[in-house]
Amino acid sequence: MGSRTSPISRPVTMPVTIRRAVARDAKRLTRLVRGSGAYEGKYAAAVAGYRVGPDYIAAHRAFVAVGADEQEDRVLGFYSLVLAPPELDLLFVADDMQGRGIGRLLVAHMQSTARAAGIDRVKVVSHVPAEDFYHRVGAVRTGTAFANPPVVPWDRPEFEFRIPSE
């Protein structure tokens, strides 16, 4: 998938481009995961030691949404698609960029990436606070991933994106 710029629902002050993640993005992606407001309180332990390293980026189809500003390219969000078995492993949008269409743009890009790889369904084990988001972007609830203490002590909703062929 190449980069593309796309309009978003509540405009940001900069153009947004989606590009393949590279090793030098690793620290910024890790900060985005660990700093996510969706993982505060009882969910904090789930990401406390989480690391998105260069090895992870090399092994998966990871893409970042970047906004160009005066100082540097800012990572607004990212996703990671695992091809076998097909799963949306990570999807994060910077807290201050949520509600502006970045997540929807990343999901559309993920669907295009999956379609290009010949995949017709992509599984998502959602974080509980993200459940409404996945409904809004067209994922279908398929079940529940049950708690696995001590790593994940709560049940999580499972979704599936159905990827139509073009």
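The analysis underlying the following values was restricted to heavy atoms, covering all of them including side chains, and did not include hydrogens, waters or symmetry mates. Counting from 1, the numbers follow the sequence of the chain as shown.
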Any heavy-atom pair between the side chains of Val22 and Ile57 that's under 4.5 Å? no
Looking at every non-hydrogen atom in both residues, tell me the closest pair between Gly37 and Asp95 and how far apart they are. N-OD2, 2.8 Å
With a 4.5 Å cut-off on side-chain heavy-atom distances among I, L, V, M, F, W and Y, is there a chain of contacts connecting Leu83 to Phe63? yes
In chain order, what residues pass the ring pair (Phe, Tyr, Trp, His ring centres under 6.0 Å) check against Phe161, with sequence neighbours excluded? none
Residues two or more places apart in sequence or in another chain: which of them pass salt bridge (charged side-chain N to carboxylate O under 4.0 Å, His left out) with Arg34? none
Only counting residues at least two apart or in another chain, list the ones meeting side-chain hydrogen bond (donor to acceptor under 3.5 Å, both in side chains) with Asp96. Arg74
Locate the shortest heavy-atom distance separating Ala147 from Pro149; write the atom from each residue and the value. C-CD, 3.5 Å
Check: Val93 and Leu106 side chains under 4.5 Å, non-hydrogen atoms: yes
Might you work through the side-chain contact (heavy atoms from CB on, under 4.5 Å) test for Tyr134 and Val124, ending with a clear yes or no? CA-CA 9 Å; Tyr134 286 111; Val124 179; 3.7 Å; yes
Within the structure provided, determine whether Lys27 and Thr30 are in side-chain contact (heavy-atom separation under 4.5 Å). no
Quick one: pull up OG in Ser165 and CD1 in Ile119 and give me the separation to the nearest 0.5 Å. 13.5 Å
List the residues meeting side chain to side chain contact (heavy atoms under 4.5 Å, CB included) with Arg141, not counting sequence neighbours, and say none if there are none. Glu131, His135, Thr144, Pro157, Phe159
Return each pair, listed once, that meets salt bridge (charged side-chain N to carboxylate O under 4.0 Å, His left out) where at least one residue sits in residues 106-122; pairs must be two or more places apart or across chains. Arg115-Glu166, Arg121-Glu160
Taking the side chain as every heavy atom from C-beta outward, state whether Val125 and Lys123 have any pair of such atoms under 4.5 Å apart. yes
If every non-hydrogen atom of Leu32 is compared with every non-hydrogen atom of Gly77, which pair is closest and at what distance? CD2-CA, 3.8 Å
Can you list the residues that meet the side chain to side chain contact (heavy atoms under 4.5 Å, CB included) rule with Ala59, with sequence neighbours excluded? none
Between the CG atom in Leu81 and the NE2 atom in His109, the distance rounded to the nearest 0.5 Å is 10.5 Å
Could you tell me whether a side-chain N or O of Ser126 sits under 3.5 Å from a main-chain N or O of Val128, the two making a donor and an acceptor? no
Residues at least two apart in sequence or cross-chain that pass side chain to side chain contact (heavy atoms under 4.5 Å, CB included) with Val33, listed by chain then number, are Val47, Tyr50, Val52, Phe78, Phe92
Pair Tyr79, Thr113 - check side-chain contact (heavy atoms from CB on, under 4.5 Å), show working. CA-CA 11 Å; Tyr79 77 88; Thr113 301; 3.0 Å; yes
Sequence neighbours left out, what passes side chain to side chain contact (heavy atoms under 4.5 Å, CB included) with Ala23? Give chain and number order. Pro54
Test: side-chain hydrogen bond (donor to acceptor under 3.5 Å, both in side chains). Region: residues 56-68. Which pairs qualify, not counting sequence neighbours? Tyr56-Ser80, Tyr56-Asp89
How close do Leu88 and Met110 get, heavy atom to heavy atom, and via which atoms? CD1-CG, 4.0 Å
Mind running side-chain contact (heavy atoms from CB on, under 4.5 Å) on Gln98 and Leu76 for me, showing each step along the way? CA-CA 9 Å; Gln98 292 180 12; Leu76 306 175; over 6 Å; no
Tell me every residue that passes ring pair (Phe, Tyr, Trp, His ring centres under 6.0 Å) with Phe133, counting only those two or more places apart in sequence or in another chain. none
Partners passing ring pair (Phe, Tyr, Trp, His ring centres under 6.0 Å) against His127 (at least two apart in sequence or in another chain): Tyr39, Tyr43
Test side-chain contact (heavy atoms from CB on, under 4.5 Å) on Val82 and Val122 and set out the steps. CA-CA 9 Å; Val82 175; Val122 175; over 6 Å; no
